[in-house]
There are 2 protein chains.
Amino acid sequence: MTTQDEAPAEAPADEHAGLWLTSGELDSWLSVVRLMTRLPWAIDTQLQRDADLSMVEYMTLAMLSEAPEWTLRMSTLAENTSTSLSRLSHLVKRLERRGHVRREADPADGRFTNAILLPAGMAKLESAAPAHVAYVRRLVVDNLSGERLRRLGQDAERILQRIDSPAR
Amino acid sequence: MTTQDEAPAEAPADEHAGLWLTSGELDSWLSVVRLMTRLPWAIDTQLQRDADLSMVEYMTLAMLSEAPEWTLRMSTLAENTSTSLSRLSHLVKRLERRGHVRREADPADGRFTNAILLPAGMAKLESAAPAHVAYVRRLVVDNLSGERLRRLGQDAERILQRIDSPAR
DNA sequence: AACTTTCACTTGAAGCATCAAGTCAGGCAG
DNA sequence: CTGCCTGACTTGATGCTTCAAGTGAAAGTT
C-alpha cells in the first residue's frame, strides 16, 4: 500500500497464484463452458426439429417410461431431471395439454401428485428415441473411446458432488 | 413383421446393438447430462447472488475487457460467447441500460455495431471476478488433477467439433 | 377438536430466450 | 445514380424459466 497499486493490465505471473487461472486451466475451462452452452443447444435443436420436444421434455417422458406403472411423483421426477418443482409443474402442465401425460393426487397420500405417462406419450417417446440416441452416439458416445467416456462420466460426477456439497 | 413386434419392455440385449446405449454408456451419458444441467445452474446462481450477473453477461463483459479498446463487434462477441446475435442484441441492450456497456455503429463501416465496455462495466467485472474464479476453481479446476482437467478440455473440444461438423 | 406446522406442490407475474420478420449500410449491376 | 442484393444486426411476439407467494393435505401440538 506504500507503493502505487493500480496497473490492472499487467502484473507478475505468480502474483495471483490460486486467484486467477493459468492459461492452460483457462483454456480447459473455456472449453467446458462452450460444451455446457452448445451441447444442450445441439441436442435441443435435434429433438425440436425431429420430434417437437425439448431435452427436459424428452427426459421427463423417458424417466416415466422406465418407472413402474409409468408413474412417478412430481418431486421424484424433479430430482431425476435436475429441475425445480416449479419448472416441472409448468412443463407437465404443457405435456398434459398435449395428451402425453396426466396427473392425479396420490390416492394413498393426497399431498403427493403422481405424473403418469399416457400411451400417446409413450408413442411420442418411441418415435423420438432412435434419432435422439443416434445423435447422442454421434456427438458423444461413439466419439470418445470407452475409457475416455467412462472418465468423462466420472469427472462429471466429481463436479456434481462438489455442487451438492454444502460448503460455500 | 411376420411375427409380433411389440413387447417394448424386455428384449434380447444384443437386439439393439448400436441403436440403444449399453448400461455403462447410459450411465456416463446421464452424468454428462446432469453436468450440463447443473453446472451452468450452479455458476449462474453464484454469480447472480454475489454480483447480480448471469454467466453470459459475465462472459460478455470478460471478453470485452480483454479486447483492444474494450471494443468488439456484436458478431464477434456472439461467436465468442456461443450465443445467437438476437440473444446478444437483447442482452447488450440490458447491459447498456445498466451502464456497463455502450454501442455504436462502426465508424469505418456502418453495417457493423461495436459493443464497448464502459468503466462501470469494468468495475462490475472486477468486483465479480474473484468470487467467480474461486468458485470455478472449487468446482472444477482444483477438483480434478491437471491431467484430468486437460483431458476434459480435450474431450469437450472433440464433441464441439462434431457439433460444428456439417453431417446430420 | 382446533391450531399450527410442514411438505409438496401450484400459480401468476416478470424476465429472458427464441423465432420470424424488419431495417439499414454498403457493394454491385446496369 | 438507381435499383437490387447481401450481410449484420434489431425488433416484437411468443413461449419457457424463475421467483415469490399461495393452496391444501396430513402430522403433530395443546
Side-chain angles (χ1 to χ4, degrees), chain A residues 36-49 52-61 64 71-98 100-116, chain B residues 36-49 52-61 64 71-98 100-116:
Chain A
M36 293 184 321
T37 310
R38 308 200 29 201
L39 182 50
W41 171 85
I43 297 205
D44 268 327
T45 302
Q46 180 272 320
L47 274 173
Q48 203 72 55
R49 172 168 55 74
D52 193 39
L53 285 175
S54 70
M55 173 117 197
V56 203
E57 289 168 342
Y58 182 93
M59 291 290 289
T60 302
L61 297 180
L64 284 173
T71 299
L72 282 175
R73 287 182 178 167
M74 291 293 282
S75 40
T76 310
L77 206 43
E79 275 259 313
N80 293 351
T81 56
S82 304
T83 65
S84 70
L85 215 38
S86 171
R87 181 182 179 186
L88 184 67
S89 182
H90 286 297
L91 188 151
V92 168
K93 193 191 302 166
R94 292 188 301 263
L95 289 178
E96 210 168 16
R97 260 195 243 116
R98 297 206 247 160
H100 293 153
V101 146
R102 72 188 174 84
R103 273 185 289 190
E104 69 180 16
D106 186 321
D109 184 337
R111 286 172 298 183
F112 299 104
T113 305
N114 288 323
I116 303 163
Chain B
M36 293 186 320
T37 310
R38 306 199 29 199
L39 183 50
W41 172 84
I43 296 205
D44 269 326
T45 301
Q46 179 273 320
L47 275 171
Q48 203 71 55
R49 172 168 55 75
D52 193 40
L53 284 175
S54 70
M55 174 119 195
V56 204
E57 288 167 344
Y58 181 93
M59 290 290 289
T60 301
L61 297 179
L64 283 173
T71 299
L72 283 174
R73 289 183 178 167
M74 292 293 282
S75 40
T76 310
L77 207 41
E79 276 258 314
N80 293 350
T81 56
S82 304
T83 64
S84 69
L85 215 37
S86 171
R87 180 182 179 186
L88 184 67
S89 181
H90 287 298
L91 188 151
V92 167
K93 194 193 298 167
R94 293 189 299 262
L95 289 177
E96 209 169 15
R97 262 195 239 114
R98 299 206 247 160
H100 294 153
V101 145
R102 73 190 174 81
R103 273 186 288 192
E104 68 179 17
D106 186 321
D109 184 338
R111 285 171 300 184
F112 298 106
T113 305
N114 289 323
I116 302 162

Any donor-acceptor pair under 3.5 Å joining the side chain of B/His90 to the base of D/dT10?
-> no

At under 4.0 Å between heavy atoms, what does A/Ser75 touch on the DNA or RNA strands: base, sugar-phosphate, or nothing?
-> sugar-phosphate

More 5' along DNA chain D: B/Asn114 or A/Ala108, using each one's nearest nucleotide?
-> B/Asn114

Please tell me which of A/Leu91 and B/Thr76 maps to the more 5' nucleotide of DNA chain D, matching each residue to the nucleotide holding its nearest heavy atom.
-> B/Thr76

Would you mind reading off the distance between B/Arg111 atom CZ and C/dA25 atom P, rounded to a whole angstrom?
-> 11 Å

At under 4.0 Å between heavy atoms, what does A/Ser89 touch on the DNA or RNA strands: base, sugar-phosphate, or nothing?
-> base

Which nucleotide in the set D/dT17, D/dC9, C/dT11 lies at the smallest distance from any side-chain heavy atom of A/Val56?
-> D/dT17

N or O in side chain of B/Arg103 less than 4.0 angstrom from D/dT10 OP1/OP2 = yes

Between A/Lys93 and A/Gln48, who's closer to the 5' end of DNA chain C by nearest nucleotide?
-> A/Lys93

Any side-chain N or O of B/Arg94 less than 4.0 Å from the OP1 or OP2 oxygen of C/dC16?
-> yes

Between C/dC9 atom P and A/Leu85 atom CG, what is the distance in whole Å?
-> 5 Å

Rounded to the Å, how far apart are B/Met74 CE and C/dT23 C1'?
-> 15 Å

Considering all heavy atoms of both residues, which atom of A/Leu88 and which atom of A/Met74 are nearest to each other, and what is their separation?
-> CD2-O, 3.1 Å

Are any of B/Arg87's side-chain N or O atoms less than 4.0 Å away from OP1 or OP2 of C/dA17?
-> yes

Rounded to whole Å, CG of B/Asp52 lies from P of C/dG15 at a distance of 12 Å

Is any N or O donor-acceptor pair between the side chain of B/Ser86 and the base of D/dT10 shorter than 3.5 Å?
-> no

Heavy-atom nearest pair, A/Asn114 first then A/Pro107, reads ND2-CD, 4.2 Å

Just one of B/Leu77, B/Ile116, B/Leu64 clears the side-chain contact (heavy atoms from CB on, under 4.5 Å) bar with B/Thr71, so which one?
-> B/Ile116

Does B/Val56 reach the side chain of B/Arg87, with side-chain heavy atoms less than 4.5 Å apart?
-> yes

Once you round it to whole Å, what is the distance between P of C/dC7 and CG of A/Asp109?
-> 13 Å

Take the protein atom CG of B/Asp44 and the nucleotide atom P of D/dT18, then report the distance between them rounded to whole Å.
-> 9 Å

B/Glu79, CD atom: more than 12 neighbouring heavy atoms under 6.0 Å | no

In whole angstroms, how far is the P atom of C/dG26 from the CZ atom of B/Phe112?
-> 10 Å

Whole-Å gap separating P (D/dT11) and CG (B/Leu88) | 13 Å

